[in-house]
Amino acid sequence: MPELPEVETVRRGLEPHLVGCTIEEVRVHERRLRWPVERGFAQKLRGRIIRSVERRAKYLLLRLDNGDRLILHLGMSGRLLLLEPATPRRKHDHLDLRLSSHRRLCFHDPRRFGTALLWPASRRTHALLKNLGPEPLSDAFDGNGLFEKSRGRTVAVKNFLMDGRIVAGVGNIYASESLFHAGIRPGTTAGRIPRARYRRLAEAVRAVLGAAVEQGGTTLKDHGFVGAHTDPGRFQVRLAVYDRAGAPCVNCGTSIRRLLVGQRSSFYCPRCQR
DNA sequence: AGATTCGCCTGAGAGC
DNA sequence: TGCTCTCAGGCGAATC
C-alpha cells in the first residue's frame, strides 16, 4: 500500500508532468470513493492550470491557478497513472483528467479507499488536513515533541506513532520499522517512554522514511520515466521486520514476532526491542 | 478527552 | 478448475 515514501515518489514523478498543464477535460467514471466525488467536480476542474504538486502526510495536493486545490489520497490501492490519450479505460479507472500535454492523469483504485476532493480557495483550511501533526521529514518533527505529546497517554507507542495528529503520514509498515530501529517494542505504553528514547525514535522515523524516499527515487531512475506509472508497492525498501514473522532478525537472528496492536499487525524482534 | 471499535472495499491466498 | 472464506489495511466516524 502506498505509504508516505511512495506518495512522495509519486509526487516527484508527477510534478514535472503536471505543473503548467491545463486540465482540458475531466471524466468521472465512478464517484463512490472514500467520500463521494462531488457534483460539479469535472466542471470546477475544467480549464484550470496546475500550478504545483505538493504533499501533506499521504495527501497529494494539486494547487490550481484559481487557488483551489485538488486533494488526492491513494488509500490502500490507489494509483495515479499518466497515460497516452488512446489508452483504453480499464476496470477501476475512476477519474480521468485530460491534460494540455495530451496525456491523461488517471486515478485507478480497486478498493476505492482513495479520495478526490476539491478544496476551494475560499477555505483557509481543510478538515482533513487541519489537525495533522508535523511532517516527519521536516525540522518541526523531533523527539522532544513526541515526548511532550505522549505524557499521560496510555496508548501503545505504535498507535501513538500512527496517529496523524502526533506526526503526519506514518503508516503501519513504517511504524513497525521505526520502532525496530529505535529498539522499542510496539506495545509499550506511550506515556512511559522517556525523552531519550523518543529522540531515538524520531531519528529512526526520519531515517527509515528518508531512506525509503531515496530508494523510491533510485528505483524511479531505473524505470527512466514517471514514477507515477509504476506500482507503488514495488518501491518497498528491504524491510527489517514488517511481514517477517518467524524470519531471523537482521541484527541478532532471533525470530521476528507478530503482535496485534490495536487490531493491526505489528512486527518486532523480542531481543532487539525492549 | 482519550481509547477502542467500526466500516468502507476488492484482490490475493488458503482451503476444500 | 473453481468456488467460498478470510484477511489486509488508511483513517475518519462512531461508540464506549
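Computed from a predicted model, the values in this text were never measured in an experiment.
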Handout entry: Distance, rounded to the nearest Å, where A:R32 contributes CZ and B:dG7 contributes P
Key = 19 Å
Practice task
Measure the distance between the ring centre of A:F113 and the centre of the six-membered base ring of B:dC8, then answer whether it is under 5.5 Å with planes under 30°.
Solution key: yes
Practice task
Take atom CG of A:N159 and atom C1' of C:dG12, then tell me their distance rounded to the nearest Å.
Solution key: 15 Å
Problem - Exam field: side chain A:T188 to backbone A:R185, donor-acceptor pair closer than 3.5 Å - result: yes
Practice task
Ignoring the backbone of A:H92, work out which of B:dT10, C:dG12, C:dG10 is nearest its side chain.
Solution key: B:dT10
Exercise for the section: Using atom types as modelled and distance alone, determine if a side-chain donor or acceptor of A:R103 lies under 3.5 Å from a backbone N or O of A:L97. Expected result: no
Handout entry: A:L128: hydrophobic cluster co-members (side-chain, 4.5 Å)
Key = A:W35, A:Y59, A:L61, A:I71, A:L117, A:W119, A:L129, A:L132
Handout entry: Gap between atoms CZ and C1', on A:R34 and C:dC11 respectively (whole Å)
Key = 5 Å
Problem - A:Q263 CD to B:dA3 P, straight-line distance once rounded to whole Å - result: 15 Å
Handout entry: Spacing between A:R151 atom CZ and B:dG2 atom P, to the nearest angstrom
Key = 14 Å
Problem - Any donor-acceptor pair under 3.5 Å from A:D68 side chain to A:A121 backbone - result: yes
Exercise for the section: Would you mind classifying the nucleic acid contact of A:R258 as base, sugar-phosphate or nothing, using non-hydrogen atoms under 4.0 angstrom? Expected result: sugar-phosphate
Problem - Base C:dG10 to side chain A:R111, donor-acceptor N/O within 3.5 Å cut-off - result: no
Practice task
Please report, rounded to the nearest Å, how far the P atom of C:dC7 is from the CG atom of A:D243.
Solution key: 15 Å
Practice task
Would you mind reporting whether A:R192 and A:S150 have side-chain heavy atoms less than 4.5 Å apart?
Solution key: no
Exercise for the section: Determine yes or no for a side-chain-to-main-chain donor-acceptor pair under 3.5 angstrom, with A:D65 supplying the side chain and A:R48 the backbone. Expected result: no
Exercise for the section: Please determine if a side-chain N or O atom of A:T154 lies less than 4.0 Å away from the OP1 or OP2 oxygen of B:dA3. Expected result: yes
Exercise for the section: Check whether any side-chain N or O of A:E6 sits under 3.5 Å from a backbone N or O of A:E3 as a donor-acceptor pair, and report yes or no. Expected result: yes
Exercise for the section: Using a 4.0 Å heavy-atom cut-off across all strands, classify A:E30 as base, sugar-phosphate, or nothing. Expected result: nothing
Problem - Side chain of A:R153 (C-beta onward), nearest among B:dA3, B:dG11, C:dG12 - result: B:dA3
Problem - Candidates B:dG11, C:dG10, C:dA8 - which lies nearest the side chain of A:K91 - result: B:dG11
Exercise for the section: Enter the inter-axis angle for the ends of the helix from B:dG2-C:dC16 to B:dC16-C:dG2 (five pairs per end, rounded to 10°). Expected result: 50°
Handout entry: Phosphate OP1/OP2 of C:dG10 contacted by A:Y174 side-chain N/O (<4.0 Å)
Key = no
Fill in the blank from the handout: Per nearest nucleotide of DNA chain B, the residue lying toward the 5' end, A:R264 or A:V155, is A:V155
Problem - Between B:dA3 (P) and A:R165 (CZ): distance, integer Å - result: 9 Å
Practice task
Could you state the atom-to-atom distance from CG of A:D109 to C1' of B:dG11 in whole Å?
Solution key: 12 Å
Problem - Touch class at under 4.0 angstrom, heavy-atom based, for A:F160 against every strand present - result: nothing
Fill in the blank from the handout: side-chain hydrogen bond (donor to acceptor under 3.5 Å, both in side chains) test vs A:E15 passes for just one of A:R11, A:H17, A:R12, namely A:R11
